[in-house]
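Worksheet for the structure shown next.
In each ligand, atom 1 is the first atom listed, and ligand 1 is the first ligand listed. Worth knowing before you read on, the calculation uses all heavy atoms, side chains too, and leaves out hydrogens, waters and symmetry mates. Heads up: numbering here begins at 1 and tracks the sequence.
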Amino acid sequence: MKIPREVFVGRRKRFMAAIEDGVAVLPSAPVSVRSNDVEYIYRQDNDFYYLTGFAEPESVAVFAPGNPDGEFILFVRPRDREREIWTGRRAGVEGAVADFGADRAYQIDELDRVLPEILARVEKIYYPLGNNEPMNQRMVGWLRQCQAMRPRSGAGANSLLDPREILHEMRLFKEPEELEVMRRAIAISNLAHQRAMREARGGKGEWTVEAAIEYTFRSEGAAGPSYPSIVASGPNATILHYIHNDREMRRGELLLIDAGCEYDFYASDITRTFPIGARFSPVQRDLYQLVLDAQLKGIEIVRPGISIDDVHEAALKVLVEGMRSLKMLEGSADEILAKGTYRRFYMHRTSHWLGMDVHDVGNYRKGGKPRLLEPGMVLTCEPGIYIAPDDEEAPEEMRGIGIRIEDDVLVTPDGHEVLSAAVPKQISEIEALTTA
Ligand code: MG
Ligand code: MG
């Protein structure tokens, strides 16, 4: 399952309509070195891939509506028999046109010759000033060149705009084909989480669970994890971004797993917390049920017209009431919310966008206000409670417990759909797997 070619064609049309008479230049992601002469596995820049479907490094995509030489132009690495024996097949100039739909394609080393001519015909350049520093410098050079010519030619690029304003707004709304890929990513992650619940047992290392999860991802055809897998047993679950996964698990402790695979450039992001090889203890059960109630409340209100802040507040209200009745916090709910004392146990927000990036692009606010949800947006709902092992003011039996439950939620025209609904989260469903 892959995003079909015609979806990329449609995106390019909409993007070019938005940049009107400007020219957009998007560089591929730079190659990064892991150590000495070994590179990290290459992954294309999401904005670049979103418009091109082209995953090779050392390429540049140019979008030039109305350009006589072609509107979609790719600069790519040339075919090279010798290099391809070492590092794999390249599409080359011919493949860029035949397989990726470019109107024109050039070898990447022709960029300095061809691009300035295109830029000399327009007023506005759309270019993302990202972390590709060498390309940033070249772009400044081309812009300066254009600006220097303007007094005599009366034309040429004069301003630099950010294409991400347009692209990220597009990426925020998922097309049906994207949702299909996301459903596949989530289905694979579901298998991995269920396997973890069955296989995590006292005496085993957290890493064995990490391995089982990532084995599942790869063997089901996913690229791998879409972010470093968090497999946090016992007190490690109170560390929000714990990724060492190097502790031996103990039976009856909680295991918090925040893991999701990436499939065809789309992320999934799912968290489950369960007792290792056992049933929930009474205190674990109380805290777990509280986080679950908060999460269900947050999800329940998701529909067009409400904001991500509303989701957070709905979940937070349930958490705060529960923390009061479990004697974790003193004072009225209003006081606790006003003073923010709940942050001792719940220090992060409840939701983020999800898509090609795990913390996906797209503005959370518009015109100074939280933006309202619309059909096609995908967000997470992931409240939690984390009680530090050394928190001497917290009830003793709760110290060192960390719980988070996270699902991926699509906003639909009349409400929502929990895309990760198949991943067990009710206490009885979980215990059936942890004690199997
Ligand atoms: Mg997560
Ligand atoms: Mg998340």
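- Nearest N/O/S atom of Glu406 relative to the Mg ion (ligand 1): this is OE1.
- For Asp269, the N, O or S atom with the smallest separation from the Mg ion (ligand 1) is OD1.
- Dense packing is recorded around CZ of Arg399, with more than 12 heavy atoms of other residues, nucleotides or ligands lying under 6.0 Å away.
- The existence of a salt bridge linking Asp391 and Arg344 is confirmed by a sub-4.0 Å separation between a basic side-chain nitrogen and an acidic carboxylate oxygen.
- Checked for salt-bridge contact, Arg77 and Glu84 miss the test: no charged N lies under 4.0 Å from a carboxylate O.
- Put simply, the side chain of Tyr342 reaches to within 4.5 Å of the side chain of Leu316, judged on heavy atoms.
- With the Mg ion (ligand 2) as the vertex, NE2 of His352 and OE2 of Glu382 span 80° to the nearest 10°.
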